[in-house]
Amino acid sequence: MDSFYDRVLILEDDVVSDDALKRNVLAQNIDRVDVINSGLTAIQRLNDEPHPGVIFCDLKLDDMDGLQFVRFLAETGYDGDLVFVSSVDERVLSIVKQLARSLGFNVLGSIKKPVTPNQIVRLLMERPVNEDRHLPRSIVSLSAGEIITGMRNDALLPYYQPKVDVKSNRVVGFESLARWRFRGSEQILSPAAFIPAAEKLGLIDELTIHFLRHVLKDVGALRQVAPDASVAVNFSVDTLVQRDLPEMLLDMLNEFRVEPGAIVIEVTESKLASDKVNVLEVLARLHLAGFKLSIDDFGTGYSSLYRLKNTPFVELKLDRSFVRDAITDRSAQAVIRSSMRLAQELDMAVIAEGVETAEEKSLMQSMGCEVMQGYFFSHPKSLGDTINAVQANQYVQPESRRIDGARA
Ligand code: C2E
Ligand code: CA
Ligand code: CA
C-alpha cells in the first residue's frame, strides 16, 4: 500500500538522522522529499511553493524551536499534516502537539530519535484524524449559494456512528455526523467542506436546524434496533448563543414525538472557552429542558476544572488524539486517567473517541473507560446501513468479525 501523501518536507538539523529519514520516506513511494535545516527557510519555501502533505518537524532547530515554528506555520496557512521528531522530554512534546492541534493542525504523531523505519511507515500510512477514509480529503469549501440551494435540494444527510458499551456489548447511542451529497452526484463530502463555511457565512443555525429535522425523523428507526439508545447531534457554539433555542428545539421534538432525553447535544470543548456571553445560560436551559449535554473533543482546549464543575454536562468525550497517543505516550495516559477521575467526581460518563484498533480498545478499557466510538467498531454510515449493521450485531463483536475477514 502506498502512502496517502505524495510530498513530504523534513525539517531537521541533525544530518545523520536526516539522511535516515529521507531514505525511509522515499521507500514509501512518495514522489518528493525535501530536507531543510532551518525553520525560516522552510517558512519561506511554504510561502513560495505548493505545500507538502506532511511536515516532519524537529522540535529543536538552529533558528527556532518547535513552538515558534508551529505558530509561523499557522500564519502561512499551511493545511497539511505534522509529525514531530524529537529527543526532548515527553511533556514538551505533548505541549507542542497540543498547541498544534489547538491551531487546527492534524498531528499524525511523534517520533523519538533515533528514527526507525517502522515509525515512519506507521505514521505515513495513517490517515488524517477526523477524516473518513471513504471521503476525499476535503479541500472543497462550499459557497453560500451552494449551501442554501443544497439544503433545499436535500443535499444534507446524516450518517451515524455507534457509541458502544464494551462491557455490556450494547450500542448505547449513535452520533449523527453531517454529510453532503455534492451537486446531486455520488460524491459525499465530509463536514470539513461545509460546516466551517456555514459558520463563517452565518448559515450554521439554519443548517443545524435543517440537519436536526433529518435526524429526528430517523430517531424512531434507530431506537427500534437499539432500544433506549441516545442520538447525538453536534452543535456549533455559534448556534448556542440563541436564547430561544431550547423552546425552538422542544417544538421540533414535539412534532417528531421525540423526548429531549433521547437527544445528546455535543459541543466542542475548545470552542466553549471562547466565552460567548449567552452560551452557559443556553446550555443550562437546554439541560433543564431535558436534553443531555456532552463535551466533545475533551482535552484539546483548556477547560478549567472549575468551569466544568459549573456546567451541566453529563458526558465527556475524550479526544481521539489521546486515545491514539496513549499506546506510546505515558503523558497521554495520565491525561486520560485524570479525565476519568474528574468525570467520576462530576458524575459524568466518559466516551473514548476514535478507537481504531483492538489494542486501543483494551487499553482504554483497562483505564476504566467502557463506552467507545471509532472505526474499530464502525465507520459512520447511512441510516439504512447503520440499522442493518445493528441488526447483524456487527458493532459489538468487531474482533470476531475481523477474523471472518469482513470490514466495517
Ligand atoms: P466530531 O464531532 O469529533 O466527530 C467525530 C469525527 O471523527 C467524525 O468525523 C468521525 O467520522 C471521525 N471518526 C470516528 N471514528 C474515528 C476513528 O476511529 N478514527 C478517526 N481518525 N476518525 C474517526 P467527521 O464526520 O468528518 O466530522 C468532523 C467534525 O465535523 C465532527 O467532529 C464535528 O465537529 C463536525 N460535525 C459533523 N457533523 C456536524 C453537524 O451536524 N453540525 C456541526 N456543527 N458540526 C458537525
Ligand atoms: Ca461530536
Ligand atoms: Ca469529537
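All ligand and atom numbering here is 1-based and tracks the order in the structure. Keep in mind that what you see is a predicted model, and the values were worked out from it rather than measured.
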Is there a heavy atom of [X] sitting under 4.0 angstrom from any atom of ligand 1?
X: R179; value: yes
X: E353; value: yes
X: E175; value: yes
X: T208; value: no

Candidate with minimal heavy-atom separation from atom 4 (O) of ligand 1, of L207, L177, L156: L177
Proximity winner for atom 19 (N) of ligand 1, if only heavy atoms of H379, E356, E360 are counted: E356
Heavy-atom pair of closest approach, residues W180 and G150: CZ2-CA, 3.5 Å
Where P260 and A289 come nearest, the two heavy atoms and their spacing: CG-O, 3.4 Å
Does an N or O from [X], backbone or side chain, lie closer than 3.5 Å to an N or O of ligand 1?
X: E266; value: no
X: S176; value: no
X: D297; value: yes
X: T268; value: no
X: S190; value: no
X: A178; value: yes
X: Q373; value: no

Show me which atoms of ligand 1 lie under 4.0 Å from any heavy atom of [X].
X: G374; value: 15 (N), 18 (O)
X: P380; value: 11 (O)
X: Q161; value: 14 (C), 15 (N)

At a non-hydrogen distance cut-off of under 4.0 Å, which region of [X] contacts ligand 1 (side chain, backbone, both, or neither)?
X: I195; result: side chain
X: F211; result: side chain
X: K317; result: neither
X: D296; result: side chain

Any salt bridge linking [X] with [Y]? Criterion: basic side-chain nitrogen under 4.0 Å from a carboxylate oxygen.
X: K292; Y: E315; result: no
X: R285; Y: E247; result: yes
X: K97; Y: D325; result: yes

For the Ca ion (ligand 2): the N/O/S atom of E266 at shortest distance: OE1
Opening angle between OE2 in E175 and OD1 in N234, taken at the Ca ion (ligand 2), to 10 degrees: 90°
Opening angle between OD1 in D296 and OE1 in E353, taken at the Ca ion (ligand 3), to 10 degrees: 100°
Side-chain H-bond candidate by donor/acceptor type, N388 with Q394, under 3.5 Å: no
Parallel, tilted or perpendicular, as decided by the 30° and 60° cut-offs, for the rings of Y160 and F174: perpendicular
Nearest to the Ca ion (ligand 3) - the N/O/S atom of D297, by atom name: OD1
